Structure formats: C-alpha cells, structure tokens
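Following: one structure in structure tokens, then a few remarks.
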Amino acid sequence: MSSFEVPSQITIHHEPAPNTKRIWRAFWILSVVTLGELALGLSIYNIHKGPNPSEMMVLFFKGVICILTLAKGYYIAWVFMHMGDESKLFRRSIVVPLLLFIWFIIAFLHDGNAYREARDSNAGEFKVIKNDVPAAVLERGQKD
Amino acid sequence: MSSVASLHESELQHAGHDAQHEHHQQSFLTKYIFSQDHKTIAKQFLITGIIWAIVGALFSVLFRLQLGFPESSFPILEDILGKWAPGGKISPDFYYALVTMHGTILVFFVLTAGLSGTFANFLIPLQIGARDMASPFLNMLSYWFFFIGSIIMATSLFIQTGPASGGWTIYPPLSALSDAALGSVRGMDLWIISMAFFIISQLMGGLNYVSTVLNLRTKGMTMTRMPLTVWSLFFTAILGILSFPVLLSCVVLLFCDRNLGTSFYLSDIIIAGKVLPHEGGSPILFQHLFWFLGHPEVYIVVLPAMGLASEVISVNARKPIFGYVAMISSMLAIVALSLIVWAHHMFVSGMNPFLGAGFILFTLLIAVPSAIKVFNWLTTLWRGNIRFTPAMLFAIGFVSMFISGGLTGIFLGNAALDIQLHDTYFNIAHFHLVMGVAAFFSMFAGLYQWFPKMFGRFMNNTLGYIHFWITMVGAYLIFWPMHYSGLAGMPRRYYDYSNWESFKQFGGMNKFISIVVIIVFITQLMFVFNFFYSIWKGRKVREANPWDATTLEWTTPIRPGHGNWPGELPEVHRWPYDYSKDGKEFISQITPVGEEETGPHH
Amino acid sequence: MASGSLPAGIKWWSGGKSPYNVNYGKIMMWYFLVSDSFTFGAFLISYGSTRLGSDYWPDPNHVFNSFPFMGHANLPLAFVSLMTFILIFSSVTMVLAVHEGHKMNRKGVEKYMIMTIIGGLAFLSCQAWEWTHLLTGSHSVLVDGKVEHWATTITKNPFGPMVEHAGQLVATPGPQLFGGFFFFITGFHGFHVFSGLIINIIMYIKTRLGHFDQRGHYEMVEKAGLYWHFVDLVWVFVFLAFYLI
C-alpha cells in the first residue's frame, strides 16, 4: 500500500510554551470553582430540607452554578486544550457552531415543560386508562 | 514565534515524484477494494449508491402496484416474494415495510452516501488541487463503514419478520414495541445498528472533507476561488458533522427502549390489552431529536445538488455564474437556518403551539436564500450560449423541480396550512419534488458531466436525452396530480384507498400514476445500462478538457493516477468562472492573469 | 493568556498552507469533538426535557449521598466531588505530558502519561463503585399498599414522593427515567473514559518505543490529550446536570 506524503501544513512552528505556571493556575481556578459549586449545591440541599423552600432562591443558585460550569468549560478548553493558542478563526469555527446549543436547549426544555402542562391538564383521563383498562380493550386483546 | 518554513514547496514536489512511481506496487486488492485513492472510493460510493437506488426505486414500483391496482393481483409477486404477497397481492405489513425501506434507502443510502459520498470524494481533491483527501485511510474506512451498514440493512430485508416498517422516521411507540408491528420485531434493531454504522461513516467522511478543503487547497486557491461544487460539499459536510451525532443519540435511546426496558420515549401504553410498565417518557422527544437531524438531512441531500447544478449550468451556459458570492452566502444562510427549524415537521404531533410560532418564522426565512439561488441560476442561463448536453438538461431540470417543490414548501411552512396538508399527498408531492427528484436530477447532471473524468469515456448521448425527457415528464406526471388529491384530503400512508367512498374518485389517478412510475423506473434501468456499458464501451475521451471547463480537474491527465497530477500541483490564478471573457471561450484557473486582461480579477 | 493570533504578513487563506496553521489531524480531532459534544448535548438536553416534563423529580442529594467505607453516613455530593477532582487532576497530568512532548522530553511524557492512566483507572473504579452501590442498595418503597425494597435501576426508582404509611414516611416509586438517563449518560461517558484510557495506553506504549522521537514530534499525544480533556469537559456538564441542579 503506497501513498505519498501529505505535505506538512504547518507554516510556522510555535515555540513550546515557556512554563507550566499557566496550567497549574488553571487547575487551582477549576478546583476553587468546583468547591464553590459544591457549596451552592449543598445550600440548595439545605433550602430543600428547610421549612419553606424558596423556589426563586433555588433557581437563582442553580443559575449561578450553570454559569460557574461554563467558566470551568472555558478554562478546560482554553488552557488545557490550548484553544487559547490557536488562531482566532479556528477558535470561532469551533465556538460558533456550539452556539446552536442555545436554541437546542431553549426549544427542548420549553417543549418538555409544555408536555407536562398539557398532560397535567388532562390528568384525570390518563388515570382512568391506567388503573382501569376498559373491558372492550381487554377483550379485543385476547381475541388477537 | 519562529521562522517561516519554506519547506512546503519542496515537499509538494517530492509528493508529486512519489505519485508517479506508485503504480507498480498495487495489487488488485489495494487498487480496487481497499483503495485509499479518493477517486476509487468515490466510484465505490457511486456504485453502491446505484445498487441501492435500484432497490429503493423497485420498492416504490411494488407499493405503487398496490396503490394503483388495489383490486388486482399479480401472481408473479407471490412467486418472488412468497408470504409477503399471498395470492399475488402485497400484504399490508409488507406494504409498510416497502414504504419504510424506500424512504430509508433513498434518503440515507442513495441521496446522502451516494450523492455527497460520490461527488465530495471525487471532486473536492480534484477541484482544489490536492493529491488526495487529508486522511486517505479514514476516507477508506468511511466507505467500508457505509458498506457494513448497507449489508446490515440488506440483511434486514430477508429476515422472517421483515425489515423495519414504521416509516423512515421510525417514530415510537410503533418502532419501539415489538408487539406493535412485524417490522418492529427485529427489523427495527437492524435498522438502528445499520444506521449507527452509517452515521460513523458520514462522520469520518465529513471530517475528512472539511479538513481537506481547509488545509489542502493548492497554491492560489483561496476560498473564494473554489468552484461552487466544493463550497456546497463543504457546507454539506459541516451540516453532517453537526446533525448526524444527534441522530445517533436519538436511535441509541430508542435501542435502549426496545431492548433494555427503559422508557425514554414511552409512557402510558396498552398493547394487546396489556398495560406496559413504561412510564414517564415522551414520544415527542423522539421527534424533536429525530428532526434535529432530519431537517438538516434534507439540506445534506439538496446542497450538493445545488452545487453540482451551479457548476454544470455555468459551464454549459458558457457564462460566469451569476452572483458567486451571493450563492455562497445563501448556502451559508441555508446551513444556519436549517439547523434551527427542525420542529416544522411536527406541527401536527402535539408540539407546543407557542414554540411552533418560532419555528414557522425561521422556516419561512429559508425561502429568501433559496429564492436568491433560483434567481441566480435563471440569470446565469439568461442570454447564455447554452449547450444542451444531457448534463445541462438535467441541471435545468433540477432548477425546475426545485422551484416546483420549493413553492409548496412555503405552504407547508405555515402551521395553519400544514395541519390541513401535512398528512396528505400534498406533502408527499412537496418533498419528493424538492429533495427527491431534484437531488436525483442534479446527481444525473453530475454523472453525465464528470463521467468522462471518472472513467475516461463518454456516456451515450442519445440514451441520455431519452433518459432526461422521460424522467422529466414522468416526474411531473407522477407528483403533480398528488398536489390535487392532497388538497382534496387524500391521506398518506394508507394501504388501500378503494375502501373509502371519498377517495374512490382518485382511483383512476392512482392507476395513472402507477403506470408512469413503471415507465420511469424502466427508463432509470436504461440509464444504469448506459452507465455500465459506457464504462467499458463508451466513446473514448481524446482531449483532457472535453467540456472546455475552467476548473482544475480538467488539467489532470485523462485518467489520472493516485496523486492526480504527475509532477507538481497546479497553481491557481483566478476564480473558476471566467467564461466568454475578453473574446475567449474560457480561461482555465491555472492561466495567469494577462496584462491586457479586463477586470475584475477574482 | 497566550496570544491567539497568527502573525500578519502571510496570506493565510491563499492556498498551499493551513489557514489556521494547524495540521489536518488536529483539525479533525477538534471538529470530531464538536460533533461528539452534540451527541452528549442531545443526551443531556433530552434528560432536561424529560425532567421538566415530569411531575416529580428526585433531589440528587438524596440519591447520591454515600461514600465508600462510610456506612450510612449522609454525605451528599462528597463522592462525586472526589470523582470530579480525580478527572480534573488527570487532565492536568495529561496537559503536562503534552507540555513535555513539546519539549521532546520522552521521560517526562512517560511519567505524566502513567499518572494520567492511573487517574483514568481511578475514575472508572469510582464509577464502578457508585453504580454497584445504586444497583445493589435497598430502599423502602410503598408499592400498591405494601412496603417493598428496591434498588435504583434503569426501570425502578425508589426515590419518589414521600407519603405517610402506617404512621411512617415512606417513599413511593419515582420516575423510572431517573435511572434510565443516569445509567445511560454516565455509562456513555464512562465508555468515553474507557476508550480514552485505551488511547492513552497506546500513546504510552508508543512513547516507550520511541515512535514519536523518530517522528520528530509528539502531536499524537497532543491529539489523545484533546480527547482526554474533552472527556473531562463532558464530565463537568454531567456533574452539573445530574448532581448539582
């Protein structure tokens, strides 16, 4: 099996990164953020346990956790995966498609929520079917 | 930052040197079977696609027999199909299996793998001036994963309970419960496994196409000097990379529901009098996931078709393509929009109507870039010095089909109309014209155009003309009447319409459509004959550039070896559409811009 | 932050070179990861959609509250935090291995690859323990008026709403899909960790054999590293979706 060389596509060679300080800094940031998330997670737990769980408070904490997670994702991609060292257009070509997630998440979560509301507004009918199968249905099944 | 390496050129020359010497070492196995040459892989995709196309089209003939002649029986069918056609009449279970397989095969195996698999592999390296794909090995694997998927799907045709029969969209719960239909017993599992292989194949292919277009363009080939074919295949690959993984997630969850007892898509189901334990899932979730791929898939089919048609039209109208940048930006707009409109396939399935409004808006926006493209094609044709080769006829046919099918898309994009029309033949007519027939026309255009490059011979022109006219007229005769029956409320997916008083009036029309289908099918067989006959017996190509085209593939030898260009890679000096400029018929991309040449220089 | 721009003065898009100054292999790996993030994204978003579509969803703090060798102590989030740190740390050793690769220091690459592999194994072992704990644990559930003892599986969930039964608070069956999504998504992630581990082991062996020294660069290690960091990245989001919110 012969093939020719694929020509080297790198025009410029980067010098190796000078030191590992950046990596360790990212590690400490990630650790601190994770600890912060844990603290928030535990406070959600305690709010739930408490006498009057405040929905708004829980939602707020969850929102903060989501933002912290995005920050973690940024550090992993930019420092560990060296995305920060790539050219601007390459970074964009990766990040821009990921923006699709915004509509992906909004549409799916919105429809999941709508599904629950639609179902709950007909909850009575559903119960009848589940607990008490109409005799006619059972009969037909046996005949088949 | 360090120095600029001038290594590059010497490496390219070295590569050319290698390419000349590699012919001696190949055995049959490495040259034709496990070949890593992009041209051979393209032909493998093409021939597998042709085989699948025959199978898929034959299935449509079979179920059209049932639809057109519900009262008749064809004893020969029982001889061939056995228990699937007792007494020579196709059984309802088999009817649904045929429809399902027709859709699956044609959408995925023919119009995705067969169309972009063939032309992306064949044209990208040749038209951007590369020796091969970025990773020839992954490219080979891409074909063989497709092959394995094909084998599994073909196997499912022969198992006792038959292939999947829940429609090509395999909606649960029908597809998730083996008690629900014969095709859901084992055929569905094979469908899913086959599709998993297919998705991996598409992914490997797509990654390869994208990195090849980015990294391996030859000197001077800027992005805006690439032919529109390459642009369209590039966008197609991007769409595939972003949407096929979601189909994988979608079918893997379905597989769990079928085999592990989870209930991702199932809730509150009674089947054969038995209450199932599944609870909490939502079949609408499946539809969302499926169409998240499913809609981009439509554009995965039609974008390469647009690119091929653009190129063929420009070459044969002997005119530069009108609005080159507008063509690219409208394709980009289509890519972006196609990823956010998936739920317009679900207006009738119980999706939240408020959400539906957003999807209507995005959907109707697609009309804008599509219209830009259509008008650009028409303006390219306008006052052109048109050569009516079979390729050109099919490209014009593509534009015609795309307009006819696209206009009804504006109807269906509105939820208020779609709720009336979605489950009728109107919808069938719409998507067959706009993505089925149109994409096929472009594929034919591409084949007639690049056959000389592929095999060093021409296809027979007379057969080509017959092929075009019968297919063109036939396609309209088949799908035009369906608009009317659909508007009159004739539903899709029924096995026998003669049972309903309201649809009896369409009996004659159904019969007529079925007869045309058979004629058109036979014409396609004639094309297949022409194709294979011409590979060995066609008129030989004597000159390197038989169509007087400007693009790079015509600067290679008539039958290029692995590596495409003996010696150095060509250098590009201009865009690919310099036709009828400065009194010259055409100016090849490798011709440097002359001093006296009038602008603009692209 | 390092400068992320390419030097001016070169026509990067003029053909004959990579416009991003990146080899095709790395481009393919990055775009593959984009693609794979859509696979994971689809799973996680389906989970979110189902969760919002259910009337009741168990609080993860109740489900994931144990720690090996700690008996029945109520330690919500503790174990999964340990797992998160293991994975982040193995990511650090991986990036250090890549760093040593840039310097063409074979011994350094070997050292950090070994540490990464150990980190991956530790993570998988933790996951195995957690799965075992869920699949074999036993919780009282009120089913049809009788108290049964259930484990958490893909079809059963003993963490439903509490009701009073015979003077005591007892849980009722919870949403089946809690287990379905949990085992499926963590399983799919675990599969990625496993395949990353295999890739890393191959990279370690190739380093030992000196393949990369012969080739003159350690780009393969870099690509394996990208995959490994991606696995870490996904875990950050799995951690978010299943344990934190």
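In what follows, chains carry the letters A, B, and so on, assigned in the order in which the sequence lines appear, proteins first and then strands, with residues in each chain numbered from 1. What you are looking at is a predicted structure, and each value in this text was computed from that prediction instead of being measured. FYI, side chains are in, hydrogens and waters are out, and symmetry mates aren't considered; it's all heavy atoms of this structure.
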For chain A, find which of [options] contributes the most heavy-atom pairs closer than 4.5 angstrom.
options	answer
L96(C), T84(C), I27(C), V98(C)	L96(C)
P19(C), P76(C), A78(C)	P76(C)
W228(C), W12(C), Y31(C)	Y31(C)
G48(C), S46(C), S37(C)	S37(C)

Taking NZ, NE, NH1 and NH2 as the nitrogens, is one of them in E86(A) or K26(C) under 4.0 Å from a carboxylate oxygen of the other?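 A salt bridge is present here (some side-chain N lies under 4.0 Å from a carboxylate O).
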Which atoms of [X] approach chain A - backbone, side chain, both or neither, heavy atom under 4.5 Å:
X	answer
F38(C)	both
L44(C)	neither
D55(C)	both
W13(C)	side chain
A241(C)	neither

Pick one of side chain, backbone, both or neither for [X], based on which atoms fall under 4.5 Å of a heavy atom in chain C.
X	value
I23(A)	side chain
L38(A)	both
L40(A)	neither
T34(A)	side chain

Under the side-chain hydrogen bond (donor to acceptor under 3.5 Å, both in side chains) criterion, do Y47(C) and R51(C) qualify, and how do the steps go? CA-CA 6 Å; Y47(C) 159 74; R51(C) 184 167 163 178; 3.0 Å; yes
Mind ranking T69(A), L68(A), N113(A) by heavy-atom pairs under 4.5 Å with chain C and telling me who comes out on top? T69(A)
Relative to chain C, which of I105(A), V58(A), L35(A), I94(A) shows the most heavy atom pairs under 4.5 Å? I94(A)
Taking the six-membered ring for Trp, are the ring centroids of F80(A) and H229(C) within less than 6.0 Å of each other? yes
In terms of heavy-atom contacts, does NZ of K62(A) have more than 12 from other residues, nucleotides or ligands at under 6.0 Å?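 Above 12, so yes.
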Checking [X] side chain against [Y] main chain: does a donor-acceptor pair fall under 3.5 Å?
X	Y	value
R91(A)	W78(A)	no
S90(C)	G120(C)	no
K72(A)	F237(C)	no

Classify the ring geometry of F104(A) against F101(A): parallel below 30°, tilted from 30° to 60°, perpendicular beyond 60°.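 Because their plane-to-plane angle is under 30°, the rings of F104(A) and F101(A) count as parallel.
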Decide yes or no on side-chain hydrogen bond (donor to acceptor under 3.5 Å, both in side chains) for Y227(C) and S195(C), but give the supporting numbers first. CA-CA 10 Å; Y227(C) 185 79; S195(C) 48; 3.0 Å; yes
Does the side-chain hydrogen bond (donor to acceptor under 3.5 Å, both in side chains) test come out yes or no for Y243(C) and N61(C), once each step is laid out? CA-CA 7 Å; Y243(C) 300 94; N61(C) 291 306; over 6 Å; no
